[in-house]
Each structure stands twice: as C-alpha cells, then as structure tokens.
Amino acid sequence: MPITTAEQYIQSLRGRKLNVYLFGELVVEPVDHPVIRPSINAVADTYKLAEEDSELGGAVSSLTGKRVNRFLHITENANDVVMQNRMQRCLGQRTGTCFQRCVGQDALNALYSVTYDTDQEHKTPYHERFRAFIKQMQEENFVIGGAMTDPKGDRSKGPAEQADPDVFVHVVERRPDGVVIRGAKAHQTGCINSHWLVVMPTMRLTEADKDYAISAAMPVDHPGITYIYGRQSCDARALEGGGADTGNAMYGGQEALIVFDDVFVPNQYIFMNGEYEFAAPLVERFTSYHRRSYVCKAGLGDVLIGAAATIADYNGTSQASHVKDKLVEMAHLNETIYGAGIAASHESKSTAAGNYQPDDMLANVCKHNVTRFPYEIARLAQDLAGGLMVTLPSDKEFDSSVTGPILRKYLVCRPGVSVDNRRRVLRLIENMTLGRNAVGYLTESMHGAGSPQAQRIQIGRMMRVDEKKKLAKKLAGVDETQDKPAKK
Ligand SMILES: Cc1cc2nc3c(=O)[nH]c(=O)nc-3n(C[C@H](O)[C@H](O)[C@H](O)COP(=O)(O)OP(=O)(O)OC[C@H]3O[C@@H](n4cnc5c(N)ncnc54)[C@H](O)[C@@H]3O)c2cc1C
Ligand code: SF4
C-alpha cells in the first residue's frame, strides 16, 4: 500500500532495525527517540501538505499517470520547477526548519538527464533503469535521501590520491549481478527518515578515479549500512519534556554520517558505474537544482521576521522607526533570496532527456545570497530580541513555586502580554539563531549544496566578462586597433 498520510509515513519508519548510533548507543526505535522525533515530524509535514493542498504538494506524473508527491516528481515544464520553490517556502514557513526532502528531489531530477546523456555516449542501460526506479518510488510514495558529500580527507588531494581510499565512496568489487561499495557520506540530511538512499559522486573525477564514479540506490535498511547521528546545538533540551526551552518543540532537522561497509547493490539500482566524465555534469546539474532549492530559507526567514516583529511588539518597541526599518531590512534580504531562486526556476530549460533544469547562474546567486543573508537576518532578530534571549532562566525555574512568581514579576513587558508568551518567542529566536534550528538556518545555509567558494567559482565561469567588456567599450567609444599589445 502506498503511503498517503503523514501518520502512515511515521508508521512506515517503525521496526526497520536500522543501525543508528546517537550519544554512543544503538537507538532501538528512532521514531520514539525524543531527539530524533522532531526531524521525523518535519518530513511528515511534507505528506500533510500534499494532503491539504494537492496542487502545491503534488503533481501529476507522466511516468505513472497519477498524482505523486512533488518531491518525487520529474519536472516536465518550467512551472514544475517554480512550484518546487513555492512548496519549499511554504514548508519552511510551516516547520521553521529543514524538512529534508529536497536533496532527494534534486538528485532525481539531475540523474534523470545525466543517465540519459550517459546512455547516449556509452550505450549503457541507466536511463530506463532510473525511470523504473522513480516509478517504483512514486508508486510507494517513499522519501529519498540524496547522498553526495564524501568525508573527503585531505582536501588538496583527489579520491584516488587519498591515504585511505574509503574517505570517498567507491566500488570494491564488480560482480555479474551488481557491485559492492565501501566508504561513507557525511552530513546526510534526513537519511534515517528516508526509505531509500541515492548515492552520487561528490566532485569532478578523472580516469584514475573510475571506481569512485558510482551512483546507485539502496533501501535505508540495506545490510552493511550504519548511521552515526550528528549532534545539534541544544539538542538535549528535547530530552527535557518539550517545554518552552526547546523553542520549536515540534520540528527539527537531521544529519548523520552514513557508513557503507561493503554494501552490495544489484544492477537494477546502478545508474553510473565507472563513467567518470559524467561525475562533473551530475554534480553541476544537482547543485544547480539544489542551490535554488535554498529558497526554503526564505520560509524560515518569514518565521524569524515574524518572531522579531512579535518580540518588538511585546517589548513595546514596535513603533520606533529603527525597529520598523530593521524589519524592512530583514524582509528585503529575505525576498532577495527568494527572488533569485524563483527566477532561476522560471528560467528553466529543457534537457535532452526532457525534464527541466534551472538557470545555473541565478541558482548560484540564490545560494550565494543564502550563505550571507540569513546571518544578517539572524543578527537583526537578536538585536530586536534583547539580551533576555540568552539569559532567560529555564522552564524549571518558571515551574518552581519559589522562582516562578519572581520571574513573572520581573520579566513583564508591554501590558496585556504574558511572560510565558514572551519567553516562548525569545526561545524560538534562540532556537533559529543559536540552537537546534540554527543548524538549518545558518550553517546549512553556509555549506549545504556547497560552501560559498563553490558558487563563486561557478559565477566566475558563467559571468561572460569578455561580453561585458565589449558592451562597455562600445558605449565608451573605445578603439583598440591602434593599441600596442602589453609587454610580457
Ligand atoms: C547541515 C548540512 C546538511 C547537509 N546535507 C547534505 C545532504 O543531505 N547530502 C549531501 O550530500 N551533503 C550534504 N551536506 C554537505 C555539504 O554539501 C557540504 O558541507 C559542503 O559541500 C562543504 O563540504 P565540507 O562540509 O566537507 O566542507 P569543506 O569542503 O571542508 O569546506 C570547508 C572550507 O574549505 C574550503 N575548501 C574545501 N576544499 C578546498 C580545496 N580543495 N581548496 C581550497 N579550499 C577548499 C571551502 O571553500 C570551505 O571554505 C550538508 C551540509 C550541512 C552543513
Ligand atoms: S536545507 Fe532546505 S533545500 Fe535542503 S533539504 Fe533542507 S529544506 Fe530542503
């Protein structure tokens, strides 16, 4: 039976006997772990959105002829790409965190065209296999984790030059019926909350790196896979019973290190196997998709701007001109993120395979804005919040018959606003700028889909500076025919 509701999704994660380690222990049932559960709730909301708004959260797939979850849809026109962004902003607004499904969505769309191109060049069977895989995922309505980033060891060396070959995922054995892979993928968003993983190479590869040119899919509970859960700032507050101190008790993100210890993948699920020259196009098409997926942060920005405006209102400062101006500045930065992302999607063009690929320049500009603007928005939110955001006593003090009344006397703000509401909003701002969801709002904004320099390299490649020089020279009336070439 396909998963159709958020509740069915949560049930589908139960009893899988995954090898998940958190705080040094094997987690018996991740679904019931208080630190993990908020991240599951965030993914569940993607199912809820599809139930509530089937146009935004879903799309009709030509592969199955049925409406499928938008995260599993292969884009068939530019509007499909735009709708992904609208959905991502909406989910960011609903959860205030990373809802984890876009890496899989973007991996599917990048592999769709790369498998096609690889087949044209090498007469391989990848594209049909891949279409069959997507169809299977759509029929089951599964969550897919996109596993690209390797631990990478010494960054000055390529995969084949590393002292330990396992710091990049690679093929250790080729059999007639499939391959065996070994290695790890780092920082993997939502992997434990997924049903399947799609592994891809992380960088441009050379002939020497042939064994690292592997892309394959496998179930999350496949034998030989171990997950080591990433700690998030203030995550242990989730162990305290879900009070105001958590800031956002319902939703959180998830990252883990995935270890592949000689994992067998049958041919049916292999989509690249040694075609090293297609690693670079795969990375570029994936990042182009994923860098404009970061409009999710505009949804989180909406929440943070709302929290900042609320706390200013509670504090009695909302009419001050500098406060209004700071909120305007936050909105301007936030819409700039969204503007570049949605423009990249609107400018999508068809690939040879028939799906749509966003504009690479605008996608990189979107992500580059994301590496900066959320930090400034967070700074302004902290400015408006006041110092109490970080000096606020714990829930336990508010619950105490000794300290509770004292705190409620001294932490009053504008008349008519309860101290409890004030501290809830302060904790939300803390959560998004210093706590658990700062992982998603800030550091993920910096490094997810590539660190800032990766975008600058792409922008540099695509900026067509010679064309721009010609434009300037023409208007300035420059005549270089008599100029002497510069001495070497
Ligand atoms: C919260 C979060 C979620 C993520 N989710 C996923 C996911 O779901 N799937 C996935 O595949 N990946 C995911 N990533 C990984 C993300 O793509 C990487 O973090 C990013 O590509 C940077 O890699 P890195 O973290 O290894 O940092 P590094 O590559 O070590 O970068 C650190 C710094 O070193 C610089 N640097 C790196 N290499 C060189 C070099 N050769 N020469 C000069 N300078 C260099 C960089 O520019 C940067 O300034 C996630 C990351 C985060 C933080
Ligand atoms: S960081 Fe944003 S784009 Fe990436 S998976 Fe999370 S919500 Fe989606």
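Positions are given from 1, in the same order as the sequence printed here. Counting starts at 1 for both ligands and their atoms, following the listed order.
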Do any N/O atoms on His187 end up under 3.5 angstrom from N/O atoms on ligand 1? yes

Return yes or no for this condition: an N or O of Glu444 is under 3.5 Å from an N or O of ligand 1.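 No: no nitrogen or oxygen of Glu444 is under 3.5 Å from one in ligand 1.
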
Can you name the atoms of ligand 1, numbered from 1 with element, that are less than 4.0 Å from a heavy atom of [X]?
X      : value
Gly450 : 17 (O), 21 (O)
Ala449 : 17 (O)
Glu255 : 1 (C), 3 (C)
Met148 : 10 (C), 11 (O)
Gly146 : 7 (C), 8 (O), 9 (N), 10 (C), 11 (O)
Thr189 : 3 (C), 4 (C), 5 (N), 6 (C), 7 (C), 8 (O)
Lys152 : 23 (O), 24 (P), 26 (O), 29 (O)
Gln453 : 47 (O)

Tell me the protein heavy atom at minimum distance from [atom], and give that distance in Å.
atom                    : result
atom 22 (C) of ligand 1 : Ser451 OG, 3.3 Å
atom 32 (C) of ligand 1 : His447 CE1, 4.3 Å
atom 30 (O) of ligand 1 : Arg155 NE, 2.8 Å

Is it possible for you to check whether Arg101 lies under 6.0 Å from the centre of the six-membered ring of Tyr47, through NZ or CZ, and within 45° of that ring's axis? yes

Ignoring hydrogens, what is the shortest heavy-atom contact between Ala454 and Arg291? Give both atom names and the distance.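 So the two residues come closest at CB-NH2, 3.6 Å.
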
If you look at every heavy atom in Asn193 and Tyr9, which pair is closest and at what distance?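 Reported closest heavy-atom pair: O-OH, 2.7 Å.
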
Using ring-ring contact (aromatic ring centres under 6.0 Å, His included) as the criterion, list what pairs up with His73, not counting sequence neighbours. none

[atom] protein-contacted, heavy-atom criterion under 4.0 angstrom:
atom                    : answer
atom 16 (C) of ligand 1 : yes
atom 36 (N) of ligand 1 : no
atom 6 (C) of ligand 1  : yes
atom 11 (O) of ligand 1 : yes
atom 25 (O) of ligand 1 : yes

Evaluate the side-chain proximity of His290 to Met148: yes if any heavy-atom separation is below 4.5 Å, no if none is.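 Heavy-atom side-chain distance check fails, nothing below 4.5 Å.
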
For the pair [X] and [Y], find out whether any cationic side-chain nitrogen is under 4.0 Å from an anionic carboxylate oxygen.
X      : Y      : value
Arg436 : Glu444 : no
Lys185 : Asp150 : yes
Asp359 : Arg292 : no

Yes or no on side chain to side chain donor-acceptor pair (under 3.5 Å) for Glu275 and Thr118, after CA distance, side-chain angles and deciding distance? CA-CA 8 Å; Glu275 297 82 8; Thr118 312; over 6 Å; no

Please check: side-chain N/O of [X] versus main-chain N/O of [Y], any donor-acceptor pairing under 3.5 Å?
X      : Y      : value
Asn109 : Gln105 : yes
Asp209 : Thr206 : yes
Lys367 : Leu362 : no

Tyr112 and His127: ring pair (Phe, Tyr, Trp, His ring centres under 6.0 Å), yes or no, with the steps? CA-CA 7 Å; Tyr112 191 83; His127 191 62; 4.7 Å; yes

Steps toward side chain to side chain donor-acceptor pair (under 3.5 Å) verdict (Arg174, Asn273): CA-CA 10 Å; Arg174 287 194 168 83; Asn273 185 6; 2.9 Å; yes

Tell me, with the steps shown, if Arg37 and Val31 meet side-chain contact (heavy atoms from CB on, under 4.5 Å). CA-CA 6 Å; Arg37 186 55 183 261; Val31 176; 3.7 Å; yes

With a cut-off of 4.0 Å, which atoms of ligand 2 are near a heavy atom of His290?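 Heavy-atom distances to His290 below 4.0 Å select 3 (S), 4 (Fe).
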
Quick one: does ligand 1 sit under 4.0 Å from the side chain of Thr149, the backbone, both or neither, non-hydrogen atoms only?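 Both of them.
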
Below 2.8 Å, which protein N, O or S atoms neighbour atom 8 (Fe) of ligand 2, ignoring water?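 Less than 2.8 Å away from atom 8 (Fe) of ligand 2 sit Cys102 SG.
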
